[in-house]
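Written below as structure tokens is the structure these notes are about.
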Amino acid sequence: MSRLTDLEILIKIKTGDILSFSLLVDRYKYLVYTAAFRMLKVKEDAEEVSQDVFLSAFKALDTFRGDSKFSTWLYRITYRKCLDYLKKNQRWIDNKGSDISEYHDIGELDKRMEDLEQQERKLQVRKAIGELPGDDGLLITLFYLEELTLKEIAEITGYSPNSLKVKLFRSRKRLLSLLKKEMEPEIIQKYGG
Amino acid sequence: MEANPDKKLDDFLKKTIKSAGFEEPSVDFTASVMDQIQQKEGSKFATSYKPLISKNAWISLGLILMAVFAFLLSGEWESDFSNITLPFMERLSDLSLPDLSGKFNLNSIDNINIHPNVIYAVLMLSVFLYAQIIYLKRNIE
């Protein structure tokens, strides 16, 4: 059986088949949860907000016009819910990160990371992204993992494409420093005994 | 000159971040969401059953049937079906089904002459149609 498109599922839901919404939840839960986790940095908070995102999305399905991707629409809801959550819990987005280090030798870092076990590498990278301040982690995820354009990310976050360019420029250099920092214990272990 | 190190960094980050993939929510995430939806919103969406044969289909069938009967009753046709014998019909007569030809000879109304095979066909069709509806209803429920 071929996979139903988002639009086909939405039509089924509109005709009363609520259970079909679970198909959309399954399809987009990783995306929504990852976005929430990047913003909130706490698993339990991300879980709570992500579930809330889907509840709100369900209630607001009639407002989805189809002029943007369903994923973009969900991302937008997620971003706003996360900001509300942070505000409510007085955890403001703090975009002051560590100083951006000088240019690193990417080739060497790349090689060291490749030497790691896949699972370990995954954990290290996720940890590094998690240490990015404010919503930088989300922006990095949207740009590099989801490969969204600056225009799409602007639509989700409300930032202008130009300020996104600046933010991304800074945050990727920060990420590079964080990755190198994550890898340092491995270097000591490998070379220092 | 700037473009090269930037491109290298871009490519490295893209590869690295893609390898890390998405974070994973809890195992029962979807079930939890659907539970909440059904509790809060379920009453608004009572399961509506769509009939197997829609209203329009019934009306069309009715009209077709009326047209057929009108045509039969009009007597403006002439055909002799007595020579048509399909194999199963011969077997039918071997089973000595009741002779209906007499019962439908409505002498009070002229030109009604429905062949017994037509009666058998309609009866069998009705039986199987009814059986099918019951079977389908049971299976869907």
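Note on naming: letters A, B, ... go to the chains in the order of the sequence lines (proteins, then strands), and numbering restarts at 1 for each one.
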Review point. Salt bridge or not for A:Glu108 and A:Arg112, using N-O below 4.0 Å?
Key: yes
Point to revise | Carboxylate-amine/guanidinium proximity below 4.0 Å for B:Glu24 and A:Arg126 | key: yes
**Study point:** Worked verdict on B:Asp11 versus B:Lys7 for salt bridge (charged side-chain N to carboxylate O under 4.0 Å, His left out)
**Key:** CA-CA 6 Å; B:Asp11 292 343; B:Lys7 172 112 185 22; 2.8 Å; yes
Check your understanding: Is it the backbone or the side chain of A:Leu123 that comes under 4.5 Å from a heavy atom of chain B, or both, or neither?
Key -> neither
Practice item. Sort A:Ile129 into side chain, backbone, both or neither according to what part of it lies under 4.5 angstrom from a heavy atom of chain B. Key: side chain
Practice item. Look at A:Arg172, A:Gln118, A:Gln119, A:Lys29 and state which one has the largest set of heavy-atom pairs under 4.5 Å with chain B. Key: A:Arg172
Point to revise | Between A:Gln51, A:Met113, A:Glu146, A:Arg38, the one whose heavy-atom pairs under 4.5 Å with chain B are most numerous | key: A:Gln51
Review point. CG of A:Leu139 to OH of A:Tyr79: how many Å apart, nearest 0.5 Å?
Key: 6.5 Å
Exercise for review: May I ask you to list the residues in residues 54-64 of chain B that approach chain A closer than 4.5 angstrom, counting heavy atoms only, ordered by number?
Suggested key: none
Point to revise | Beyond-backbone contact of B:Ile37 with A:Phe54, side-chain heavy atoms, under 4.5 angstrom | key: no
Check your understanding: Has A:Lys43 got its NZ or CZ under 6.0 Å from the middle of the six-membered ring of A:Phe37, at an angle within 45 degrees of the ring axis?
Key -> yes
Review point. Looking at B:Ser19, B:Pro25, B:Ala20, which makes the most heavy-atom pairs under 4.5 Å with chain A?
Key: B:Pro25
Review point. For the residue pair A:Phe70 and A:Trp73, does the interplanar ring angle fall in the parallel (under 30°), tilted (30 to 60°) or perpendicular (over 60°) class?
Key: tilted
Practice item. Evaluate the salt bridge (charged side-chain N to carboxylate O under 4.0 Å, His left out) criterion for residues A:Lys69 and A:Asp6: first the C-alpha distance (whole Å), next the side-chain angles of each, then the deciding distance (0.1 Å), finally the verdict. Key: CA-CA 9 Å; A:Lys69 287 188 283 186; A:Asp6 290 350; over 6 Å; no
